[in-house]
S.K.: 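So that we are looking at the same thing, I have put the structure below in structure tokens.
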Amino acid sequence: MNIVVLAGGLSPERDVSLITGKMVSEALRSNGHQALLLDVYLGYGSPDDSLEGAFARSGEAGAQAAAIMQTAPDIAKVKAMRKDDSGIFFGPNVLKLCRMADIVFMALHGEDGENGKVQAVFDLFGVRYTGSGCLGSAVSMNKEISKQIYAMHGIPTPRGISMKKSAQTADIAETGLAFPCVIKPCCGGSSIGVSIAHTQEEYEAALEEAFRWEEEVLVEEYIKGREFSVGVIGYEALPVIEIAPIEGFYDYKNKYQAGSAIETCPADLPPQIASKMQAYAVEAAKAAGLDTYARMDFLLDAQENLYCLEANTLPGMTPTSLLPQEAQAMGMDYAALCEKIIQISMEKFQ
């Protein structure tokens with residue numbers, strides 16, 4: 001098949017996305033496909049360029065991926081790399097190539113690709129793509145809406161409230177919570193802008209950091225416990241993986257810098273706890289309308305209470321990412337995982 005692997009963009013998770021895209025495109029080529037890696041924002045050539053043979057040249061052309069740094073990329077520098085000044089999110093020839101492809105493999109991460117907007121455009125243009133549709137993506141990107149949906153379906157989640165930048169409060173008591181608490185952007189990913197506040201000073205600094213990324217943040221109770229994740233493909237749960245950061249919590253650095261966390265799959269859990277977590281993961285995916293694949297994050301406290309934190313609608317596929325490790329634990333290698341994602345996504349369009 002001719003496949004566009006769509007990555008990059010203007011999200012703080014841009015670097016992660018490009019690494020995912022590079023690995024996915026290489027795996028798809030090893031499976032016999034012509035996979036063209038495209039940066040959704042920078043595009044491909046100039047608007048008037050001929051696209052004939054673009055997929056046949058996919059091994060030499062397309063976007064380039066660099067290493068993932070310990071901090072989020074400088075988006076202003078990325079914008080300065082754009083060859084045209086149209087201001088349109090889709091770079092030169094991106095939509096044309098996506099319409100020419102048999103399917104688009106969505107390797108975008110963060111707001112750019114996971115909030116449903118790109119999916120909505122593709123739906124209107126008749127472009128086939130991997131992953132969930134625009135509604136499930138939009139719902140899951142907003143952590144406040146997700147929490148409400150989980151609560152409606154009996155899926156436990158930490159107590160918390162959303163807070164607008166224009167109506168923020170420095171008084172923790174007004175939130176109904178207490179220290180320590182977690183502050184995070186409402187629609188962010190990869191733990192960018194997430195902080196744990198133990199004091200008033202840390203709380204005010206955490207609000208400032210979170211609001212640096214978005215106009216709305218989530219303030220949640222802090223749950224001390226072990227961190228886990230469960231992938232779901234076609235409403236079937238993968239083995240549970242445990243993530244134990246060597247220092248701090250599972251933030252941007254610990255997610256993507258090799259050796260920053262110890263990851264165990266299958267997780268060392270009593271069978272009944274693992275099964276319960278997998279059942280919650282599938283139920284959360286169904287409740288949010290994530291109908292192809294996703295990954296759910298969980299906490300388990302000392303009393304064996306489970307808490308579903310959020311859904312990742314386009315999970316990372318980098319060398320340190322969790323979903324490929326879970327698939328590997330059940331005998332599915334990276335290339336086979338990419339093929340499975342394409343297969344179940346294509347079924348929606350038949």
S.K.: Any salt bridge linking Arg226 with Glu242? Criterion: basic side-chain nitrogen under 4.0 Å from a carboxylate oxygen.
M.R.: yes

S.K.: Over 60° means perpendicular and under 30° means parallel, so classify the ring planes of Tyr129 and Phe122, tilted if in between.
M.R.: tilted

S.K.: Counting C-beta onward and ignoring hydrogens, is there a side-chain heavy-atom pair between His198 and Cys181 closer than 4.5 Å?
M.R.: no

S.K.: Quick test of your reading of the model: are Arg14 and Asp39 salt-bridged, counting only N-O distances below 4.0 Å?
M.R.: yes

S.K.: Decide yes or no on side-chain contact (heavy atoms from CB on, under 4.5 Å) for Ile3 and Ile342, but give the supporting numbers first.
M.R.: CA-CA 10 Å; Ile3 302 173; Ile342 288 176; 3.6 Å; yes

S.K.: Minimum heavy-atom separation for Ser25 and Leu37, please, with both atom names.
M.R.: OG-CB, 4.2 Å

S.K.: Do the side chains of Ser58 and Gln34 get nearer than 4.5 Å, heavy atoms only?
M.R.: yes

S.K.: What pair of heavy atoms forms the shortest contact from Leu36 to Ala54, and how long is it?
M.R.: CD1-O, 4.2 Å

S.K.: Can you name the residues that form a side-chain hydrogen bond (donor to acceptor under 3.5 Å, both in side chains) with Asn31, not counting sequence neighbours?
M.R.: Glu339

S.K.: Please tell me whether Leu323 and Tyr334 are part of a single hydrophobic cluster in this structure, the criterion being side-chain heavy atoms less than 4.5 Å apart.
M.R.: yes

S.K.: Taking C-beta and beyond as the side chain, do Thr292 and Ile341 meet within less than 4.5 Å on heavy atoms?
M.R.: no

S.K.: Can you check whether Gly21's main-chain N or O pairs, donor with acceptor, with Glu26's side chain at less than 3.5 Å?
M.R.: no

S.K.: For the side chain of Glu209 and the backbone of Ala205, is there at least one donor-acceptor N/O pair under 3.5 Å apart?
M.R.: no

S.K.: Are any of the side-chain heavy atoms of Phe211 and Lys165 separated by less than 4.5 Å?
M.R.: yes

S.K.: Once rounded to the nearest 0.5 Å, what's the spacing between atom SG of Cys186 and atom CD of Glu215?
M.R.: 12.0 Å

S.K.: Please list, chain by chain and in numerical order, all residues satisfying side-chain hydrogen bond (donor to acceptor under 3.5 Å, both in side chains) with Glu144, sequence neighbours excluded.
M.R.: Gln148

S.K.: Considering non-hydrogen atoms only, spot the tightest contact between Ile196 and Pro180 and give its length.
M.R.: CG2-CB, 4.5 Å

S.K.: Which Ile, Leu, Val, Met, Phe, Trp or Tyr residues join Leu299 in one cluster when any pair of side-chain heavy atoms under 4.5 Å counts as a link?
M.R.: Ile223, Tyr307, Leu309

S.K.: Salt bridge check, Arg212 against Glu208: does any charged N sit closer than 4.0 Å to a carboxylate O?
M.R.: no

S.K.: For residues 152-160, which side-chain N or O atoms pair as donor and acceptor with protein atoms under 3.5 Å away, sequence neighbours left out?
M.R.:
residue : atom : partner : partner atom : Å
His153  : ND1  : Ile149  : O            : 3.0
Thr157  : OG1  : Lys147  : NZ           : 3.3
Thr157  : OG1  : Cys308  : O            : 2.9

S.K.: To the nearest 0.5 Å, how far apart are OG in Ser229 and CD1 in Ile241?
M.R.: 7.5 Å

S.K.: Do the side chains of Met141 and Leu218 join up, straight or via other hydrophobic residues, at under 4.5 Å, putting them in one cluster?
M.R.: no

S.K.: Step by step, work out the side-chain contact (heavy atoms from CB on, under 4.5 Å) result for Lys340 and Gln343.
M.R.: CA-CA 5 Å; Lys340 179 68 173 177; Gln343 174 197 330; 4.0 Å; yes

S.K.: Is the closest basic N to carboxylate O distance between Asp301 and Lys224 below 4.0 Å?
M.R.: no

S.K.: Does Met1 offer a backbone N or O that forms a donor-acceptor pair with the side chain of His33 under 3.5 Å?
M.R.: yes

S.K.: Measuring from Glu111:CD to Cys187:SG, what's the distance to the nearest 0.5 Å?
M.R.: 6.5 Å

S.K.: Going by atom type alone, with no hydrogens or angles, which donor-acceptor pairs under 3.5 Å involve a side-chain atom of residues 274-285 and a protein atom two or more places apart or on another chain?
M.R.:
residue : atom : partner : partner atom : Å
Ser275  : OG   : Pro271  : O            : 3.0
Gln278  : NE2  : Leu238  : O            : 2.9

S.K.: Please round to the nearest 0.5 Å and tell me the distance separating atom OG of Ser162 and atom NZ of Lys184.
M.R.: 13.0 Å

S.K.: Take Thr318 and Ser321, measure what side-chain hydrogen bond (donor to acceptor under 3.5 Å, both in side chains) needs, and give me the verdict at the end.
M.R.: CA-CA 5 Å; Thr318 74; Ser321 292; 2.8 Å; yes

S.K.: Measuring from Met23:CE to Ile19:CD1, what's the distance to the nearest 0.5 Å?
M.R.: 8.5 Å

S.K.: So with a 6.0 Å cut-off around NZ of Lys164, is the heavy-atom count from everything else above 12?
M.R.: no

S.K.: Got a sec, which residues hit ring-ring contact (aromatic ring centres under 6.0 Å, His included) with Tyr235, two or more places apart in sequence or on another chain?
M.R.: none

S.K.: Do Ser146 and Glu310 have side chains that approach each other closer than 4.5 Å (heavy atoms only, starting at C-beta)?
M.R.: no

S.K.: Test side-chain contact (heavy atoms from CB on, under 4.5 Å) on Leu269 and Val240 and set out the steps.
M.R.: CA-CA 9 Å; Leu269 283 171; Val240 178; 4.0 Å; yes

S.K.: List for me each residue that meets side-chain hydrogen bond (donor to acceptor under 3.5 Å, both in side chains) alongside Asp49, sequence neighbours excluded, and say none if there are none.
M.R.: none

S.K.: Would you check, one step at a time, whether the test side-chain contact (heavy atoms from CB on, under 4.5 Å) holds for Val194 with Ile183?
M.R.: CA-CA 6 Å; Val194 177; Ile183 299 92; over 6 Å; no

S.K.: Looking at Glu326 and Gly231, what are the two nearest heavy atoms and their distance?
M.R.: OE1-N, 2.6 Å

S.K.: Glu13 side chain to Gly110 main-chain N or O, any donor-acceptor pair under 3.5 Å?
M.R.: yes

S.K.: Which residues pass the side chain to side chain contact (heavy atoms under 4.5 Å, CB included) test with Asp171, sequence neighbours left out?
M.R.: Thr169, Ala173, Glu174

S.K.: Can you list everything that forms a side chain to side chain contact (heavy atoms under 4.5 Å, CB included) with Ala311? Sequence neighbours excluded, please.
M.R.: Ser140, Tyr150, Leu290, Met296

S.K.: Which distance, rounded to the nearest 0.5 Å, do you find between the CG of Leu314 and the OG of Ser132?
M.R.: 8.0 Å

S.K.: Minimum heavy-atom separation for Ile344 and Gly234, please, with both atom names.
M.R.: CD1-N, 4.0 Å

S.K.: Is it true that atom CD of Gln272 has more than 12 heavy atoms of other residues, nucleotides or ligands lying nearer than 6.0 Å?
M.R.: yes

S.K.: How would you list, by chain and number, every residue that makes a side-chain hydrogen bond (donor to acceptor under 3.5 Å, both in side chains) with Glu204, sequence neighbours excluded?
M.R.: Gln200

S.K.: For residues 114-135, which residue pairs pass the salt bridge (charged side-chain N to carboxylate O under 4.0 Å, His left out) check, not counting sequence neighbours?
M.R.: none

S.K.: Would you say the side chains of Thr20 and His109 form a donor-acceptor pair under 3.5 Å?
M.R.: yes

S.K.: Assigning hydrophobic clusters by single linkage (Ile, Leu, Val, Met, Phe, Trp, Tyr; side-chain heavy-atom cutoff under 4.5 Å), is Ile172 placed with Leu207?
M.R.: yes

S.K.: Minimum heavy-atom separation for Gly8 and Val40, please, with both atom names.
M.R.: C-CG1, 4.3 Å

S.K.: In a table with atom names and distances, give each donor-acceptor pair under 3.5 Å that connects a side chain of residues 86-108 to protein atoms at least two apart or in another chain.
M.R.:
residue : atom : partner : partner atom : Å
Ser86   : OG   : Arg82   : NH2          : 3.3
Ser86   : OG   : Ile88   : N            : 3.2
Asn93   : ND2  : Tyr44   : O            : 2.7
Asn93   : ND2  : Ser46   : O            : 2.8
Asp102  : OD2  : Asn2    : N            : 2.7

S.K.: Would you check if Leu300 and Glu304 make a side-chain contact, meaning some heavy-atom pair closer than 4.5 Å?
M.R.: yes

